[in-house]
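Heads up, the thing below is written out as structure tokens.
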Amino acid sequence: MHTSESVTATHCPYCALQCGMNLRPEPGAVGGVAVEERADFPVNRGALCGKGRTAPAVLSSRMRLTEPLVRTRAGRLEPATWEEALDAVAEGLARTRRSYGADAVGVFGGGGLTNEKAYALGKFARIALGTSQIDYNGRFCMSSAAAAHQRAFGLDRGLPFPLEDIPRTGCVILVGSNPADTMPPALRFFRELRANGGTLIVVDPRRTRTAEQADLHLAPRPGTDLALALGLLHLVVAGGHTDEEFIAGRTSGWEEARAAVMAHWPELVERITGVPVPRLRDAVAMFCAPESAMVLTARGPEQQSKGVDTVGAWINLCLATGRAGRPLSGYGCLTGQGNGQGGREHGQKADQLPGYRKLTDPAARAHVAGVWGIDPDDLPGPGRSAYELLDELGSDVKALLLMGSNPVVSAPRAGHIEDRICSLDFLAVADVVLSETAALADVVLPVTQWAEETGTTTNLEGRVLLRRRALTPPPGVRSDLEVLHGLATRLGMPKAFPSEPEQVFEELRRASAGGPADYSGITYARIEAEQGVFWPCPAEPGPAAGPHPGTPRLFLDRFATEDGRARFVPVSHRDAAEVPDTEYPLLLTTGRVVAQYQSGAQTRRVDELNAAAPGPFVELHPRLAARIGAVDGAPLAVTSRRGRAVAPARITDTIRADTVFMPFHWPGEGRANTLTNPALDPVSRMPEFKVCAVRVEPA
């Protein structure tokens, strides 16, 4: 593997912090480069977690795919040339389209793809294949928060302010998030908040390492975050803590929302959530005392069949207290995947076009069609959401092109989804490694990764960043953009799909111009010069007649709704899709551990990370362990209506006695997503990963 001659400033390939790092050529090192701190980048200021430090390990040729694989008639994946592999993919997709129609071909993307790849993949699906059936695994990440953002504020950006604002606010309520494990460099912002005299409230059914840092820890039953938020707002109203001037001047819909809240009195909320009334009162006092405050949510409240309403209830709490659209205040979502924000802005989502435009909007269709040089009527309409698309594999959807995702491990009801994938007529997977999903494919295409390619990502703040190529990829490996160009050429559209990232980004700028996520004023040169540029950043001049400066802080003058007002939405508590009963008396919730990432396809190949987190486990309370006869370290069977998983017991008093926890990074018998419930939120179509009914017994 060849390296460039100098140090390259770039970003970590993992979570949505997109921590800055330098890569220095080091021929003797695993992967050919060494990671160095990059103290000048404001998000992490040089700090890196273990995943970031060891990221070059996956660059090693012994850990990854370095030649295409094609399944033979004997059923084995065997090496093939690129021409043979691309011919096979193009023919498999075209044959399906000829036999069953364009919508029989599906495309599934990923929240780790660069903006350029996500843009090109959405364009490829809609104009090269003519299919509406495209979605991506980011639907499983923060789609509920995105929908609630849109509903309340008219615009979705994970954080409407930079992370650097967190230490300067007065109070943060952190709901269903454990950054100590999921994004460790971000924990310093919360420590600095407390050092500056602010307070931290953590809402989580487990006493995580993040919760141990908090001034107040609320531990509700999984699936009751909505009731908790409503109970807090009830106490705000009853205590006279609402900001009537803000409500009157900058919001609409308060009376209806207030009426819904008043039905959730504290004692009722205590019965639903298990959180004592005095702790509810403590939380309200801490949140309302300072001049500024924030609510930040993550997957805990979002990955529920009522995730949009749950996030909406927390937004209502911010609006009623005047904690939105003002400096150092607001609601924000801590995005999970590396490009979870940008990945859903530029067209790989079932209902969206580049620039966060709606696929059903005639003006949006006309604009994007003009950039693509097609008739707007030739653009397909919205397709199925991620789980619904996967659920149709082998039925209405006969062939699938998949990039940057591993649904065999990451999808809810994963055993069923694995069966659906196996029932396809044709599956092509482009990936860095032979993931569990890639191992089922008819054709596997080995693609470049973060240090071997240039491209942009958008972190959880809405900061558009640039990863620069630091290494020459191994022979036999091509970029995803080259893959799409090769396929488009075989499908008769070579000029529409360039393989040079900056050329694709220039087209993305034009396609996003005038949209909610306007990147038209952002260039590679600006990103490098300014440590990233916050969208929206239109091409027209800014207030001082120079280039538009970008928008680090949203909503300070008006919200992005038609009348400029934020919208209250009346919501009421409802149960999770599954509640415990005599057959399944416990609740399962799932999440991450610090040393692994998402489906583990890459991190499970790194020795240092595996030593820290070698496999799945079942976390349970000592009282529950004593009741069922569980022994620490001995195998436990966890069974839901969808299947059975077995993993060692981990007995701890940091979890509720009615709840068990499993991390979701592993395949096989310890696969947590064998158990999880695919019940969908009616608005976001987010599955209910975070709560389902189970029984637990020694295996």
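Only heavy atoms go into these numbers, but all of them, side chains included; no hydrogens, no water, no symmetry mates.
Checked for salt-bridge contact, Glu436 and Arg604 meet the test: a charged N lies under 4.0 Å from a carboxylate O. Using a cutoff of 4.0 Å between basic side-chain nitrogens and carboxylate oxygens, Arg64 and Glu452 are scored as salt-bridged. One finds a salt bridge joining Lys117 and Glu453 here, because a Lys/Arg side-chain nitrogen approaches an Asp/Glu carboxylate oxygen to under 4.0 Å. Look at Glu388 and Arg139 and you find no salt bridge, because none of the NZ, NE, NH1 or NH2 atoms lies under 4.0 Å from a carboxylate O. Between Lys123 and Glu507 a salt bridge is recorded (basic side-chain N to carboxylate O distance below 4.0 Å). A salt bridge does not link Asp378 to Arg126: none of the charged nitrogens lies less than 4.0 Å from a carboxylate oxygen. Salt-bridge formation is detected for the pair Arg490/Glu83: a Lys NZ or Arg NE/NH1/NH2 atom is positioned less than 4.0 Å from an Asp or Glu carboxylate oxygen. For the pair Glu418 and Arg671, the salt-bridge criterion is met [side-chain N within less than 4.0 Å of a carboxylate O].
Ring geometry for His346 against Tyr519 counts as perpendicular: the plane angle is over 60°, on a 0 to 90° scale with 30° as the lower cut. A tilted orientation is assigned to the rings of Tyr387 and His416, their planes being inclined by 30° to 60°.
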For residues 97-107, please give each side-chain donor-acceptor pair under 3.5 Å, one per line with the distance, not counting sequence neighbours.
residue	atom	partner	partner atom	Å
Arg97	NH1	Ala128	O	2.8
Arg97	NH1	Leu129	O	3.4
Arg98	NH2	Glu91	OE2	3.1
Ser99	OG	Arg95	O	3.0
Asp103	OD1	Thr131	OG1	3.4
Asp103	OD1	Ser132	N	2.9
Asp103	OD1	Ser132	OG	3.2
Asp103	OD2	Ser132	OG	3.1

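Exactly one of Asp309, Ile315, Val308 qualifies for a side chain to side chain contact (heavy atoms under 4.5 Å, CB included) with Val311. That residue is Ile315. The only option from Gln303, Arg344, Gln337, Gln598 that meets the side chain to side chain contact (heavy atoms under 4.5 Å, CB included) definition with Cys141 turns out to be Gln337.
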Would you check, one step at a time, whether the test salt bridge (charged side-chain N to carboxylate O under 4.0 Å, His left out) holds for Arg509 with Asp518? CA-CA 7 Å; Arg509 292 176 62 204; Asp518 191 335; over 6 Å; no

For Asn115 and Leu508, what are the C-alpha separation, side-chain angles and deciding distance, and is it a side chain to side chain contact (heavy atoms under 4.5 Å, CB included)? CA-CA 8 Å; Asn115 290 319; Leu508 181 158; 4.0 Å; yes

Starting from the C-alpha separation in whole Å, work towards a yes-or-no answer on side chain to side chain contact (heavy atoms under 4.5 Å, CB included) for Thr676 and Thr590. CA-CA 9 Å; Thr676 48; Thr590 65; 4.0 Å; yes

Please determine whether side-chain hydrogen bond (donor to acceptor under 3.5 Å, both in side chains) holds for the pair Asp681 and Ser305, giving the CA-CA distance in whole Å, both sets of side-chain angles, and the decisive distance to 0.1 Å. CA-CA 4 Å; Asp681 182 285; Ser305 60; over 6 Å; no

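Taking both residues in full, the closest heavy atoms of Leu675 and Cys692 are given as O-SG, 3.7 Å, listed atom of the first, atom of the second, then distance.
The ring pair (Phe, Tyr, Trp, His ring centres under 6.0 Å) analysis of residues 120-159, with sequence neighbours excluded, yields the pairs Phe124-Phe497, Phe140-Phe689, His149-Phe153, His149-Tyr331, Phe153-Phe555, Phe153-Phe559.
Side-chain contact between Leu587 and Pro222: present, with at least one pair of heavy atoms (C-beta onward) separated by less than 4.5 Å.
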